[in-house]
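Order of the sequence lines sets the chain letters (A, B, ...), proteins ahead of strands, with each chain counted from 1.
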Amino acid sequence: MTAYYLTTAIDYANGDPHLGHAFEKIGADVIARYHRMRGDDVWFLIGMDEHGQKVAQTAADRGLTPQALVDEVAATFQAMWRRLDISNDQFIRTTEPAHKNGVQALIERIFEKSPSDFYEKSYEGHYCVGCEAFKQENEVVDGRCVLHPTRVLEWVEERNWFFRLSKYADFLKSHFEAHPDFLQPSSRRNEILSLINQGLDDVSASRARLAWGVPFPRPTSDGEVQTTYVWFDALPNYLTATGFPNAEPRQQWPAQLHVIGKDITRFHSVIWPAMLEAAGLPLPERIWAHGFVNLGGERFSKSAGVKLELGEAIDRFGADSFRFFLMREIPFDTDGNFSWERFEERYTSDLANGFGNLASRTIAMIEKYRGGVVPTVVRNDAYAADARDITAYAEAMDGHMLHLALEAVFRNVDSGNEYVTSQAPWKLAKDPALATALDETLATLARKLAIQTVLLAPYMPRKAQSLWEQLGGPGIVSDQRFASLDSLDPSGWTMTKGAPLFPRDGPPAA
RNA sequence: GGCAGGGUAGCUCAGCUGGUUAGAGCACGGCACUCAUAAUGCCGGGGUCGCGGGUUCGAGUCCCGCCCCUGCUACCA
């Protein structure tokens with residue numbers, strides 16, 4: 001079996017899960033389920049980034065220890081992922097001892113393999129006591145922090161460990177050229193490439209003032225033990241999750257895919273690969289930077305007030321429909337918009353009237369005209385069209401264009417509904433001489449429906465399984481393999497019509 | 001400011017190296033059908049292709065200028 005290790009960004013434990021988090025996890029989950037149904041040996045990692053100043057501050061504000069706070073937040077996130085049927089195999093938290101050990105081991109390994117890559121350097125700048133952070137020039141007005149104008153900024157000098165990122169510009173450049181798929185979509189790739197071409201500055205690897213984090217394994221020359229700065233703490237989670245530095249990892253590094261948001265592309269495609277190269281470790285095969293979900297036309301942001309109650313959204317149409325809507329409506333390579341109006345349109349046209357109704361009418365006719373048993377027939381012209389849709393789906397999936405894969409499925413659904421009208425099985429049923437034509441029509445429809453159910457399984461695992469049972473398919477739907485989908489033959493299956501999968505008035509409350 | 005990508009029907013978008021009446025889905029209107037979740041199918045209305053010049057027999061598609069939007073331009077994550 002081909003190993004397929006994929007990850008999402010780990011979420012910062014300083015707030016509740018929101019639409020943006022959900023979009024990324026759902027997208028990655030679709031990819032994970034797709035690969036399982038390709039027969040790959042999938043390991044799907046998600047998790048939380050639990051260190052940093054903001055976490056410590058929020059905990060202090062609430063009178064909690066940082067650990068108590070992140071325990072609570074992590075539980076909230078995990079409950080949300082269970083609710084959305086995210087099929088992660090592992091949930092890593094950066095406060096886990098194994099992760100902290102792994103971070104220190106990685107840093108030590110860089111000291112060992114690339115001895116000159118870490119060095120001490122003094123950093124000086126405007127330090128805002130209110131923010132507890134250094135401020136950039138553009139955040140300083142009249143010598144004061146724009147967020148805390150009542151306080152005077154201090155000019156502070158701090159001695160930190162630095163990582164020689166500048167050294168890796170040429171390495172990264174040639175890696176990007178040798179691996180065109182390393183970072184996608186290409187718009188992100190071009191941006192990062194131009195950034196690398198401008199030359200890279202070194203980055204700090206430790207902080208003196210940061211208390212909540214992983215101790216940097218080597219003290220500075222004056223004996224101070226500092227705290228590992230964010231990229232050397234958070235990014236290695238993908239590696240430490242495999243058991244690093246232990247010899248028997250649960251899942252083999254490198255990852256085949258990092259799914260991330262476009263805002264953290266630079267960290268993942270520049271700093272992280274440089275760190276790995278410095279440590280003499282292989283790079284991830286691919287990085288996919290998805291876009292953002294806007295809400296009602298407005299910019300959705302973690303900090304701004306524009307948000308959507310995830311729990312309510314899921315209640316309204318159910319987890320599967322919510323997953324479907326996001327994947328159908330919002331392109332996975334760029335930004336998209338979420339609106340309830342659009343959700344209702346999609347639900348009604350695609351799910352209730354399109355797919356749901358095709359399932360309903362197909363099963364009803366097979367029950368009515370053939371006692372529920374799918375007739376056995378020879379392949380006809382419809383199969384070639386189905387094969388084209390299956391191919392388009394796979395190509396879109398392999399390119400992580402999840403919205404295009406759904407487009408292919410719904411082309412097939414539409415072709416099914418057109419086929420029913422053109423064949424008019426209710427007319428064929430009236431004339432016993434046309435029994436063979438009716439058999440062929442019903443079998444063709446049954447097969448289309450079965451294929452669609454399999455194709456939709458990564459997106460709507462529960463609905464797909466539920467329909468698979470109505471179709472009388474063997475085993476569970478996720479046991480089906482895409483490679484053999486074209487030869488799927490539902491002849492002889494016994495179909496049983498159940499309640500509408502996607503009721504037109506929306507699902508019953510709850 | 002620099003670099004990159006966009007501005008095409010109410011909405012989301014497709015239109016490859018320039019070529020007959022500019023396309024799709026959804027939404028909207030009419031007709032047909034009845035297996036189905038009053039679902040489906042067919043037909044149709046609807047666009048100064050951001051603005052202004054230019055090249056060409058011919059430009060949404062090329063060139064120049066302008067307007068607007070988005071992303072990147074490195075230490076919150």
May I ask you to check whether A/F182 and A/F176 place their ring centres under 6.0 Å from each other?
yes
In this structure, how many angstroms lie between the P atom of B/A77 and the CD1 atom of A/I260, rounded?
16 Å
Proximal nucleotide (of B/A36, B/G71, B/A74) relative to the A/K262 side chain:
B/G71
Just to be sure I understand the rule, does A/R188 reach a base, reach only the sugar-phosphate, or reach nothing, if contact means heavy atoms closer than 4.0 Å?
sugar-phosphate
Report the residues that fulfil side-chain hydrogen bond (donor to acceptor under 3.5 Å, both in side chains) with A/T220, sequence neighbours left out, ordered by chain and then residue number.
A/D222
Distance between P atoms of B/A27 and B/G41 (Å, rounded)
11 Å
Atom CG of A/L406 and atom P of B/C26 are separated, to the nearest Å, by 15 Å
Hey, can you pull the residues of residues 349-360 of chain A with a non-hydrogen atom under 4.0 angstrom from RNA chain B?
A/S349, A/A352, A/N353, A/G356, A/N357, A/S360
What distance, rounded to whole Å, do you find between the two C1' atoms, one in B/U12 and one in B/G52?
29 Å
Set of ring-ring contact (aromatic ring centres under 6.0 Å, His included) partners for A/H403, sequence neighbours left out:
none
With no hydrogens and no angle check, is any side-chain donor or acceptor of A/Y393 less than 3.5 Å from a backbone partner on A/L455?
yes
So what does the secondary structure string of RNA chain B come out as, 5' to 3', with Watson-Crick or wobble pairs under 3.5 angstrom, [ ] for crossing and | for pairs with another strand?
(((((((..((((.....[...)))).(((((.......))))).....(((((..]....))))))))))))....
Using a 4.0 Å cut-off on heavy atoms, which residues in residues 320-330 of chain A reach RNA chain B? List them by number, or say none.
none
Report which part of the nucleic acid A/S204 touches: base, sugar-phosphate, or nothing (heavy-atom distance under 4.0 Å, all strands).
base
Give a yes or no on whether a salt bridge exists between A/E367 and A/K497, defined as a side-chain N under 4.0 angstrom from a carboxylate O.
no
Can you check the A/R411 CZ to B/C13 P distance for me, whole Å?
18 Å
Which of these nucleotides, B/C75, B/U37, B/A77, is closest to any side-chain atom of A/L501?
B/U37
Compute the centroid of each ring, for A/F338 and then for A/F23, and state whether the two points are separated by less than 6.0 Å.
no
I'd like to know if the side chain of A/S166 and the backbone of A/D201 have a donor-acceptor N/O pair within less than 3.5 Å.
no
Across all chains, not counting sequence neighbours, the ring-ring contact (aromatic ring centres under 6.0 Å, His included) partners of A/F216 are A/F118, A/W161
